[in-house]
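In what follows, a structure is listed as structure tokens, so that the remarks can point back to it.
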Amino acid sequence: MVMGAVCLTGCIENTIPYPVEELEILSLRGEGFRAAIDAQRREVMLTLDEQTDISEVEITEVELTEGAMASMELTGVFDMRSPIEVTLSLYQDYIWTIKAEQPIERYFSVAGQVGQSEIDENNRTVRAYVPKGTDLTNIRVTSMKLGPKEVTTMTPSMEELTDFRSVRYVYLRYPALGGDLERWQIYVLETEVSVMITQADAWANVAWLYGEAKEGADVGFRYRKSGSEEWIDAPKPTISGGTFKTKVSGLEELTSYEFVAYSNEDLSAVVELTTERALPLENGGFELWCKKNNIVYPYADGGDPYWGTGNVGASIVNETLTEGVADVRPGSSGELSARLSSKFASVFGIGKFAAGNLFVGSYVKNDGTHGIVNFGRPFTARPTALKGWLKYNCGAIDRITTQPPGMEIKEGDSDIGMIYIALGDWDAATYGGTDESPVEIATRRIEETAFDINSEAVIAYGEMPLTKSIDNWTEFTIPLDYRATNRVPTHIIIVCSASRYGDYFTGSTQSVLWLDDFELIYE
């Protein structure tokens, strides 16, 4: 019997699988940089201050997923001119990469310059342009910075650079180079072009114009409808050296216009553009609602979904967070508004806090007691603002599950409502959603998937936090801050929440937000 037992034991295979747990670098801190963690790519990017020596970057603190072991010590001084690969291990291995970048502001200008200087960082070349006939033996350099601030020495000095009949060489030295020199080639060249339009972007009702001309000249823009004989002076431009720009408002959508820049008596070539269509916001009055399987949806029965809510998740415990109600703003032509109510959704006292919410996109599915949603809908216009009406009851926070990194929220603190709008060119492959709604937000992985307003895909953004109660219907406008006027979005995102930190299951069960008559402004 003993032998049989031994043999039996020896034949048993360990078929119990190890748990699968993603191992992450949760935070990384140090001197002279800021760290951005991309858990999806398993990458940490260190953006170094200009004065930081990239060959001696000091990391003072690293936080990993609990239980994870790193293949190397991650605190200390590192040469970040090359990426560092580290393996995190527990039940499985995960390879992470730590990289560094060091953006350096560089500029160069001379008196009487035409336009901006062309700075080629890779080839270490600078080109500045002056009007034809300028005395190249007596050029005055008005500003110059080609290396990290405060730690760069330069030979010859800016004051010694006057004769530009041929290329001038400038030698830089700073800590990251050690004892080596960095050589830059600087050209000051004559040009016969006195004024030009360098960029023109026509939206629905506005146009953005950018020009270059001789510094100090009387500059500006004019415009007219194509086919018209009379030119109209554009608003006075903002001038910076030899560049200038302005915004023209009051244009008509889907209309062709001509634009010209002037410098004293000289005119640029004419640029012709057609304005875009001003796209409306679907169901912006929140008049369309339906109910299916006891779940309230913010669209007509049989219609195409545009807005989404967390009602699908809350329906597990027979709760409705967001619904249409017969309480409209003064003067509205509609009969309904949206009411967003934050609640503790539970069965027999077991459950989670859920924020009243409404967003452009779709609720994908429940993930246990968590949820997955996709933000965004296709959209290619460029509005300047979101306008609407609201009321808000701001409750005291009575439910705290988790908190955003770096925050200390306490019970009794005032809740915060939030409305934000973003335009961007997100893609589903990068942001986890679908072609229709490309940005995935998963509350189980909220620190990884929380909406990032600093993402490279964000073209324009605006927000309005609500920090106190607003008892009566009040009109609001959220301006959109565009990071570039020549980028065209592919999608629009609008998110409204009675409790800003609802994704962390934190907020007040007394917070209620009413919304009515949203519209996009194109002025």
Side-chain angles (χ1 to χ4, degrees), residues 50-51 102-174 176-177 180-201 208-221 236-246 259-269 271 483-486:
E50 285 198 9
Q51 302 94 325
Q102 190 170 37
I104 296 174
E105 182 186 23
R106 294 183 171 94
Y107 50 80
F108 178 86
S109 63
V110 299
Q113 182 170 330
V114 176
Q116 285 185 315
S117 295
E118 300 169 356
I119 299 179
D120 183 342
E121 296 184 10
N122 294 327
N123 295 308
R124 296 174 184 162
T125 302
V126 178
R127 287 183 173 83
Y129 296 90
V130 293
K132 192 170 184 62
T134 299
D135 182 0
L136 296 181
T137 67
N138 190 28
I139 296 294
R140 180 169 62 87
V141 179
T142 55
S143 67
M144 181 174 183
K145 178 179 175 295
L146 299 177
K149 62 182 178 182
E150 300 175 5
V151 295
T152 299
T153 58
M154 183 175 72
T155 305
S157 68
M158 184 176 84
E159 292 74 20
E160 295 174 293
L161 292 170
T162 56
D163 189 342
F164 283 91
R165 286 174 293 180
S166 62
V167 61
R168 296 298 304 269
Y169 296 100
V170 172
Y171 297 87
L172 308 183
R173 179 181 282 117
Y174 46 90
L177 297 175
D180 296 335
L181 292 173
E182 186 174 270
R183 189 180 81 162
W184 284 75
Q185 303 173 72
I186 303 180
Y187 300 85
V188 175
L189 306 171
E190 294 180 273
T191 177
E192 293 184 354
V193 177
S194 61
V195 60
M196 69 182 76
I197 293 178
T198 57
Q199 181 180 321
D201 305 313
W208 299 86
L209 305 174
Y210 303 81
E212 291 185 355
K214 180 181 177 181
E215 182 181 11
D218 177 26
V219 296
F221 298 94
K236 185 176 178 63
T238 300
I239 301 172
S240 176
T243 67
F244 54 106
K245 63 182 180 180
T246 194
F259 304 93
V260 68
Y262 65 84
S263 173
N264 295 332
E265 302 302 320
D266 297 330
L267 299 176
S268 72
V271 173
R483 294 160 193 188
T485 61
N486 61 345

| query | Got a sec, which residues hit side-chain contact (heavy atoms from CB on, under 4.5 Å) with A484, two or more places apart in sequence or on another chain? | reply | N486, R487
| message | Taking side-chain hydrogen bond (donor to acceptor under 3.5 Å, both in side chains) as the definition, give me every residue that meets it alongside N264, ordered by chain and number, with sequence neighbours left out. | response | none
| message | Going by side-chain contact (heavy atoms from CB on, under 4.5 Å), S268 matches just one of V260, T198, V193. Which one? | response | V260
| message | Holding to salt bridge (charged side-chain N to carboxylate O under 4.0 Å, His left out), I want the full list of residues that pass it with E215, two or more places apart in sequence or in another chain. | response | none
| request: Go through the structure and list residues passing side-chain contact (heavy atoms from CB on, under 4.5 Å) with T238, not counting sequence neighbours. | output: K245
| said: Which residues pass the side-chain hydrogen bond (donor to acceptor under 3.5 Å, both in side chains) test with N123, not counting sequence neighbours? | reply: D120
| remark: Contacts of R140 meeting salt bridge (charged side-chain N to carboxylate O under 4.0 Å, His left out) (sequence neighbours excluded), chain-then-number -> none
| query | Looking at residues at least two apart in the chain, or sitting in another chain, which of them share a salt bridge (charged side-chain N to carboxylate O under 4.0 Å, His left out) with D266? | reply | none
| field | Residues in side-chain hydrogen bond (donor to acceptor under 3.5 Å, both in side chains) contact with S117, at least two apart in sequence or another chain | value | Q113
| Those residues that, when tested against E121, pass salt bridge (charged side-chain N to carboxylate O under 4.0 Å, His left out) (two or more places apart) | R106
| With T153, which residues qualify under side-chain contact (heavy atoms from CB on, under 4.5 Å), at least two apart? | R173
| task | Check whether any side-chain heavy atom of T134 sits under 4.5 Å from a side-chain heavy atom of I139, and report yes or no. | result | yes
| Got a sec, which residues hit side-chain contact (heavy atoms from CB on, under 4.5 Å) with E160, two or more places apart in sequence or on another chain? | P156, S157
| query | How would you list, by chain and number, every residue that makes a side-chain hydrogen bond (donor to acceptor under 3.5 Å, both in side chains) with Y187, sequence neighbours excluded? | reply | Q185
| E50 side chain to K149 backbone, donor-acceptor under 3.5 Å | yes
